[in-house]
Amino acid sequence: MPPAPFTSELAERLAPDVVDRLVRYARVDTQSRRDRETSPSTPGQRDLAEMLAGELRELGLDDVDVDDNGYVTATLPGTAPDAVVVGLVAHVDVSPDAPGAGVEPIVHRGYDGGPLVLPRGGTVLDPERMPELATRVGHDLVTSSGDTLLGADDKAGVAEIMAAVALLAADLELPRPTLRICFTPDEEIGEGATLFDVEGFGAMCAYTLDGSEPGEVQDETFSAAEAIVTVHGVDVHPGFATGKLVNAIRLAGRILAALPGDLTPEATSGREGFIHPYEVSGTAGTATIRAIVRDFDDERLAEHVAVLRRVAEEVVATEPRARLDVAVREQYPNMRRFLDERPEVTAAAEEAIRREGIVPRRMPIRGGTDGSRLSEMGLPTPNLFTGGHEYHSVREWASVQEMAAAAAVVVRLAGVWAERWDGGAARPS
C-alpha cells in the first residue's frame, strides 16, 4: 500500500520526532484516579512530567519547572524582543475508563484498509464499524497491543507540542512569539486546570492540543456536572431479613432503570445533552451511583440534573426506611461564552490550519478540555486537533500523518502570532 501523503514538507519533517515521542510517552503509566487525594492523582504522571521537563531543558528552554502539583511549565523566548506570550497546553494523564498500564505501542505502516487485528485481548479495529478508520488507507497508524488504551489522549498532543517546540528552538528562521508550555495532570478526571496558575503562566491566550479530526478548532464544549447518588438501605443478615432488609443495591438498580432512555450518550448526538451513569458500587446497606451530566446549554444542564434527582427521590420514596443523598458538583463551563469575547484567538488557529493546507472545522466538543476551565479563569484557550481516534478504549489509534499535521499547525500558529505582533515575518515553508 503506497503511503498517504503528508499535508506539507513541514509536517513530513516533523513526523519522525512526533512518532518517537508518542511511543516513548505512551509507555509511561499515567492513568489518573477519580478519587484523587493528591495532585497528580497517580505517581506515573509525575514520572512523565519529570521526563518532559528533562527533555525541555535539553532543548534549551528557560524556566523549566515541575511544581508541587505536577504541572510542567517552560518558556521558549520569541524571535522579537517584545513578543506577545502565547501558551501551548496538553495533559499527561490518560483515562481511567480502560486499562492503562503496560502500554506497548505498535506502529503499523501503510494501513491497507482491512480489519486491523491487534495481538492481545482479541481487539480488532474494523473499518466497517469505525468510519474514520476506513478513510485512512495508506496512513501509518499507531495503536496499543490491544489490551490497553494507547494514550493518544493526550500524549499525541504532548508529543506534537514537544516536536514543534524542538523544531522552533533549533531553527531560528522560523518566527515565533514567546511560547509558554504547560503539561497538566488529571485532565481526564476534570482537575487539569484546578491548580493551574494562570497569572504565573503569563500568556495572553493559549491552545490545548486535545482534539481528534484534522482541522478541528473547538471553541465550544459541554457544560458539565457530576452527580453522586448515594442510597442508604438497611442491612441485616439475609437469613433473618424478612421484613427488615432494605437492599440499597436493588434500589440503585431501580433508579438506573427509571432514567430516561433517550437521555443517554448512546441515544444523543450533536448539541443534545445526556445523563451518563459511569460507575456503580455498594453493598446491600449502601449503594452509590456516579454519573456525569452534560449539555451545551446551562438551563438544560440544570434540567437534566433535576431529572436525575427526581427519579432517585421517587424510587427511594417507595421505601420509607431508606435514605437518599444526592451531591452535585460543577465540573467545567461551556467555554464559548468566554472565547466569543476574544475572536482573534480562534481566528489565529484557523489561519494556521489553512496555512497547513487543511480546511478549518469549527465545531463543538461533546466533552471538555482544560481550555473550558482555563477560559473561565481568564486565559482564552480553544482546542486543536491531534489526529487521535477512539479515545478511552483499547481500540484507540492515531494517524502519523495527522499527528505530523497537528505539530506543523503549532509551528504555523507561532508564525501567525509573530506576524501579528511584529508586522510581518516569513512563513515556514
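- Salt-bridge formation is detected for the pair D298/R337: a Lys NZ or Arg NE/NH1/NH2 atom is positioned less than 4.0 Å from an Asp or Glu carboxylate oxygen.
- For the pair S375 (side chain) and T381 (backbone), a donor-acceptor distance under 3.5 Å is present.
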Legend entry - Pair E187-T208, side-chain contact (heavy atoms from CB on, under 4.5 Å): steps then yes or no: CA-CA 11 Å; E187 187 272 353; T208 53; over 6 Å; no

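- Residue-environment remark: CD (E199) stays at or below the threshold of 12 foreign heavy atoms within 6.0 Å.
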Inset, instruction - With side-chain contact (heavy atoms from CB on, under 4.5 Å) as the test, would you mind laying out the steps for Y25 and L48 before giving the verdict? - result: CA-CA 7 Å; Y25 304 155; L48 181 54; 3.9 Å; yes

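- Salt bridge R13/D171: present, at least one basic N to carboxylate O contact under 4.0 Å.
- Here T184 contributes atom OG1 and D370 contributes atom CG; the two are 3.5 Å apart, rounded to the nearest 0.5 Å.
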Inset, instruction - Please assess F201 against Y71 for the test ring-ring contact (aromatic ring centres under 6.0 Å, His included), listing each intermediate value before the final yes or no. - result: CA-CA 11 Å; F201 193 56; Y71 290 74; over 10 Å; no

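- In this model, a donor atom of one side chain and an acceptor atom of the other lie less than 3.5 Å apart for D295 and H304.
- Looking at D97 and R34, a side-chain N of the basic residue comes within less than 4.0 Å of a carboxylate O on the acidic one, giving a salt bridge.
- In this structure the side chain of M403 reaches within 4.5 angstrom of the side chain of L22, judged on heavy atoms.
- A donor-acceptor pair under 3.5 Å is formed between the side chain of E396 and the backbone N or O of D153.
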Inset, instruction - Could you walk me through whether I161 and F183 pass the side-chain contact (heavy atoms from CB on, under 4.5 Å) test, one step at a time? - result: CA-CA 10 Å; I161 290 173; F183 299 123; 4.0 Å; yes

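- Under a 4.0 Å N-O distance rule, the pair R329/E191 qualifies as a salt bridge.
- How far CD1 of I275 is from OG1 of T268: 10.5 Å, rounded to the nearest 0.5 Å.
- Looking at heavy atoms from C-beta onward, L141 lies in side-chain contact with L133 at the 4.5 angstrom threshold.
- Taking the side chain as every heavy atom from C-beta outward, L167 and L10 approach each other to under 4.5 Å.
- No side-chain donor-acceptor contact under 3.5 Å links D210 and T369.
- Environment of CD in E330: sparse, with no more than 12 heavy atoms of neighbouring residues, nucleotides or ligands closer than 6.0 Å.
- Here the shortest heavy-atom pairing between A101 and D29 reads CB-OD2, 3.4 Å.
- Salt-bridge formation is not detected for the pair R361/E216: no Lys NZ or Arg NE/NH1/NH2 atom is positioned less than 4.0 Å from an Asp or Glu carboxylate oxygen.
- Between the side chains of D325 and T230, no donor-acceptor pair is found at a separation under 3.5 Å.
- Counting heavy atoms from C-beta outward, W397 and R136 have side chains that approach closer than 4.5 Å.
- A donor and an acceptor atom, one from each side chain of E356 and T7, are located under 3.5 Å apart.
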Inset, instruction - Please test R180 against T75 for side-chain hydrogen bond (donor to acceptor under 3.5 Å, both in side chains), starting from the C-alpha separation and ending with a verdict. - result: CA-CA 5 Å; R180 283 284 281 163; T75 304; 2.8 Å; yes

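- R250 CZ: 12 or fewer foreign heavy atoms inside a 6.0 Å radius.
- A cation-pi arrangement is present between R271 and F296, with the terminal nitrogen or guanidinium carbon under 6.0 Å from the aromatic centre and inside a 45° cone about the axis.
- Checked by atom type, the side-chain pair H91/D186 shows no donor-acceptor distance below 3.5 Å.
- In E128, the CD atom is not crowded: 12 or fewer heavy atoms of neighbouring residues, nucleotides or ligands sit closer than 6.0 Å.
- Between S145 and D147, the side chains place a donor N or O and an acceptor N or O closer than 3.5 Å (distance only, hydrogens not considered).
- At least one side-chain heavy atom of P277 sits less than 4.5 Å from a side-chain heavy atom of L259.
- Taking the side chain as every heavy atom from C-beta outward, W417 and P175 never approach each other to under 4.5 Å.
- Between R129 and E390 there is no salt bridge, since no side-chain nitrogen of the basic residue lies less than 4.0 Å from a carboxylate oxygen of the acidic one.
- With respect to the salt-bridge test (charged N to carboxylate O, under 4.0 angstrom), the residues R355 and E351 qualify.
- Side-chain contact of N334 with E220: a donor-acceptor pair under 3.5 Å is present, judged by distance alone.
- Side-chain atoms of T123 and R120 include no donor-acceptor pair closer than 3.5 Å.
- Using a 4.0 Å cut-off between charged nitrogen and carboxylate oxygen, D340 and R336 count as a salt-bridge pair.
- Using a cutoff of 4.0 Å between basic side-chain nitrogens and carboxylate oxygens, R300 and E303 are not scored as salt-bridged.
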Legend entry - Stepwise side-chain contact (heavy atoms from CB on, under 4.5 Å) test for S41 and I189: CA-CA 9 Å; S41 62; I189 58 172; 4.2 Å; yes

Inset, instruction - Start with the C-alpha gap between D20 and R24, add the side-chain angles, then the distance that decides, and say whether salt bridge (charged side-chain N to carboxylate O under 4.0 Å, His left out) holds. - result: CA-CA 6 Å; D20 288 348; R24 185 163 66 251; 5.9 Å; no

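- Note that the CZ atom of F6 and the CD atom of E402 stand 11.0 Å from one another [nearest 0.5 Å].
- Counting only heavy atoms from C-beta outward, the side chains of R395 and L149 never approach each other to under 4.5 Å.
- S223 places no side-chain N or O within donor-acceptor distance of the main-chain N or O of P333, the cut-off being under 3.5 Å.
- Distance alone, capped at 3.5 Å, is enough to place a donor-acceptor pair between the R366 side chain and the G270 backbone.
- Within the 4.5 Å cutoff, the side chain of T386 has heavy atoms near those of the Y391 side chain.
- Atom-to-atom distance recorded for I106:CD1 and T143:OG1 is 4.5 Å, nearest 0.5 angstrom.
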Legend entry - Verdict with reasoning, D65 to R57, per salt bridge (charged side-chain N to carboxylate O under 4.0 Å, His left out): CA-CA 9 Å; D65 181 58; R57 292 187 186 101; 5.9 Å; no

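- Side-chain polar atoms of T42 and Q45 form a donor-acceptor pair below 3.5 angstrom.
- Donor-acceptor pairing under 3.5 Å is lacking for the side chains of H276 and T264.
- When only modelled atom types and interatomic distance are considered, H139 and S399 share a side-chain donor-acceptor pair under 3.5 Å.
- Distance check: S372 OG to F338 CZ gives 9.0 Å after rounding to the nearest 0.5 Å.
- The closest donor-acceptor contact from the side chain of Y111 to the backbone of G114 lies under 3.5 Å.
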Inset, instruction - Show the numbers, then the answer: is there a salt bridge (charged side-chain N to carboxylate O under 4.0 Å, His left out) between E350 and R412? - result: CA-CA 10 Å; E350 292 177 318; R412 298 188 188 280; over 6 Å; no

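- Of the N and O atoms on the side chains of R294 and Q331, at least one donor lies less than 3.5 Å from an acceptor on the other residue.
- Taking the charged nitrogens against the carboxylate oxygens, E344 and R342 do have a contact shorter than 4.0 Å, which makes a salt bridge.
- If you take OG1 on T221 and CZ on R373, they are separated by 11.5 Å, rounding to the nearest 0.5 Å.
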